[in-house]
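Step one of this worksheet: look at the structure below.
Indexing begins at 1, ligand by ligand and atom by atom, following the structure's order. When a residue number appears, it is its place in the shown sequence, counting from 1.
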Amino acid sequence: MDKLEDTSSVYDFDPITGNIPATKVEITVSLCVLYTQGVETKQWREFGRTEVIDNTLNPDFVRKYILDYFFEEKQNLRFDLYDVDSKSPDLSKHDFLGQMFCTLGEIVGSPASRLEKPLGGIPGKKCGTIILTAEELSNCRDSGTMQFCANKLDKKDFFGKSDPFMVFYRSNEDGTCCICHVNHDFIGDFTTSYRELARGQSQFNVYEVIPAFSPFTCVTLLSFSVESEFTFLDYIKGGTQINFTVAIDFTASNGNPSQSTSLHYMNPYQLNAYAMALKAVGEIIQDYDSDKMFPALGFGAKLPPDWRVSHEFPLNGNIENPYCNGIEGILEAYHQSLKTVQLYGPTNFAPVVNHVARYAAAVQDGSQYFVLLIITDGVISDMAQTKEAIVNGAKLPMSIIIVGVGQAEFDAMVELDGDDIRISSRGKLAERDIVQFVPFRDYMDRTGNHVLSMARLAKDVLAEIPDQFISYMKSRGIKPNPAPPPYTPPGHTHHHTQI
Ligand SMILES: *[C@@H]1O[C@H](CO)[C@@H](O)[C@H](O)[C@H]1NC(C)=O
């Protein structure tokens, strides 16, 4: 084998143009070509190639790929492995050894962000395994806390003294500062650097304010401390699991499931809105739940045998074990329960929110974070109780996603979302924002039959989760566990790849 020309360069990766990635993730791939898939077009694009390693069955590649990581997107990846026999960059001139499909979330969500999977692509042949590891590129994550005091400032107010405050400007790389117009009286300014400030309280951190009002006009640094900020991926890598629970609205306002006008209509050829919302969100979140067993609840239906109304029943009918196997398992249990329960009412959210909160309250050490997906047609009956449940939930490791299906007015949902006005109950303000609401119809075409983009729906409902997650961990002073020790490759049939 000959060394392939260095064709591996880092292409610009923008799954949806204009996005700011949550973070960058570095991928090292061994002996293979990495493809990424366009979110809208579904087209595979070559992202880059590794170097060629001579004459080995266990290549351990050095070249890494740098991808932008978005928690809220399903970032499909494909790794093709080749045996390279000539200098030609044309892949069809080389022997195909196998391929593997996965998502970036699957890699970063694996224990220690290390994913091992068999290679496929050649029928009837065992192609070996591929091992991928992901490493988050550390941006600057230090945050500094400083305290200052000032002495003998100029008196600006005609009556009384000054009401001083300090404004920080960071100079740009070229030395310019952004200009900011404020309608206050300027007292003076001074310039310093991070390096100076990091020396802490000392004679070097007493600054003369220019123009000086008196020889004693100065600002003094009293304290300076720096703390490292942790990222969502630090916690995931340290073993924090996302516990994903689904709650589905079985109230009568959805319409009779046997009729095509019903939001629960079971069309053999097309998923209904409930199933679509569930699939779009679930397929992304499942990457962060290692056992892929998901509790699924229903609310607002009458249940056999005694036809009592229930606001928190397991979709699979098993109170002891409400888990469904994967997203497919939830869909199956959902369809099954549509055949057995009677849609009724009212639409109460509080019971399912409190249900998840009970579990979240039992695990406050950062090892689990709970995400409840409520899919509803939106006419909520227990607003006061739900607000109370959310205010309580905001103290716990949990987030709530509400997807509204159908044509109802969703004003109450927007209020629960609390993006504009933080939600409160009986005079208590929620400690964090934990609710994200989206109306499903915003993602449908004009006929109301076709979803324009499941990817966009998932993106919009999931975008706030990493920040909500971090806000909980930070407020409780929970640090991520150290990741398990780095993986050392064994000396046998592996195509070793690092992401
Ligand atoms: C996840 O949360 C649900 C409650 O919504 C609970 O039934 C289940 O036991 C939890 N799973 C784990 C592994 O703790």
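Residue Pro295 approaches ligand 1 through these ligand atoms, each under 4.0 Å from one of its heavy atoms: 3 (C). Atoms of ligand 1 lying under 4.0 Å from at least one heavy atom of Thr245, given by number and element, are 2 (O), 3 (C), 4 (C), 5 (O). Counting the atoms of ligand 1 from 1 in the order shown, those under 4.0 Å from a heavy atom of Phe370 are 1 (C), 2 (O).
One distance of note links CZ of Arg49 with OH of Tyr35; it measures 6.5 Å at 0.5 Å rounding. In this structure, CZ in Phe410 is found 11.5 Å from CD1 in Ile380, a value given to the nearest 0.5 Å. Taking CD1 of Ile434 as the reference point, atom CG of Leu372 lies at 9.0 Å (rounded to 0.5 Å). Note that CZ of Phe370 is 4.0 Å distant from CD of Gln368, once rounded to the nearest 0.5 Å.
For Tyr323, the heavy-atom gap to ligand 1 drops under 4.0 angstrom. Look at Gln368 and you'll find a heavy atom under 4.0 Å from some atom of ligand 1.
Among protein heavy atoms, the minimum distance from atom 12 (C) of ligand 1 is reached at Asn243 ND2, 3.3 Å. Considering only non-hydrogen protein atoms, atom 4 (C) of ligand 1 sits nearest to Tyr359 CD1, 3.3 Å.
No donor-acceptor pair closer than 3.5 Å links the side chain of Asn272 to the backbone N or O of Met266.
Ser399 and Gln468 share a donor-acceptor pair across their side chains, judged by distance under 3.5 Å alone.
The shortest N or O to N or O distance between His355 and ligand 1 is not below 3.5 Å.
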